[in-house]
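Structure first, then comments.
Only a predicted model underlies this, so the values are computations on that prediction, with no experimental measurement involved.
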Amino acid sequence: MRLSEFWRRMKLHFGDPYAESWARDYVIAELDGRTVVQALADGIAAKDVWEAVCRVTDVASRLR
């Protein structure tokens, strides 16, 4: 998954202004206690981060 597709899905799920805030602030245990932004910066694949987001939030099936 390209990073642009990752952010498109984040914005569709959370809404444009909230997606980036959530990605900076919400810590996901499955990502070793990192936020989305930290995980991506540490080189974790966007697909893997997106799958973790899907497991901790109620993402619509069309976005999974």
Side-chain angles (χ1 to χ4, degrees):
M1 167 185 288
R2 292 177 184 245
L3 200 51
S4 58
E5 176 62 15
F6 171 85
W7 285 111
R8 184 187 77 79
R9 291 181 190 196
M10 285 287 290
K11 290 176 182 179
L12 285 171
H13 177 64
F14 290 104
D16 195 17
Y18 186 56
E20 291 181 34
S21 173
W22 192 92
R24 278 191 316 271
D25 298 334
Y26 191 87
V27 174
I28 301 176
E30 183 179 333
L31 298 175
D32 294 326
R34 294 180 215 157
T35 66
V36 164
V37 170
Q38 291 168 330
L40 293 170
D42 287 346
I44 297 176
K47 179 183 178 196
D48 296 334
V49 176
W50 178 247
E51 289 172 355
V53 170
C54 289
R55 284 189 281 276
V56 298
T57 65
D58 189 22
V59 174
S61 60
R62 67 182 172 81
L63 294 176
R64 288 182 179 253

Residues in side-chain contact (heavy atoms from CB on, under 4.5 Å) contact with A19, at least two apart in sequence or another chain = M10, K11, F14
request  = Mind listing the closest non-hydrogen atom pair of L31 and A39 along with its distance?
outcome  = CD1-CB, 3.9 Å
Which atom of T57 lies closest to which atom of H13, heavy atoms considered = OG1-NE2, 3.4 Å
task = Work out which heavy atom in L63 is nearest to a heavy atom in W50; give both atom names and the distance.
result = O-NE1, 3.2 Å
task = May I ask whether I44 and V27 are part of the same hydrophobic cluster, defined by side-chain heavy atoms of I, L, V, M, F, W, Y residues being less than 4.5 angstrom apart, directly or through others?
result = no
inquiry  = Tell me every residue that passes side-chain contact (heavy atoms from CB on, under 4.5 Å) with V56, counting only those two or more places apart in sequence or in another chain.
reply    = W22, Y26, I28
query = Who pairs with L3 by side-chain contact (heavy atoms from CB on, under 4.5 Å), at least two apart in sequence or on another chain?
reply = F6, W7, L40, A46
request  = Can you tell me which residue pairs pass the salt bridge (Lys or Arg N to Asp or Glu O under 4.0 Å) test with a partner in residues 22-34, sequence neighbours excluded?
outcome  = E30-R55, D32-R34, R34-D42
message = Determine whether a donor-acceptor pair (N or O, by modelled atom type, separation under 3.5 Å) exists between the side chain of E5 and the backbone of R2.
response = no
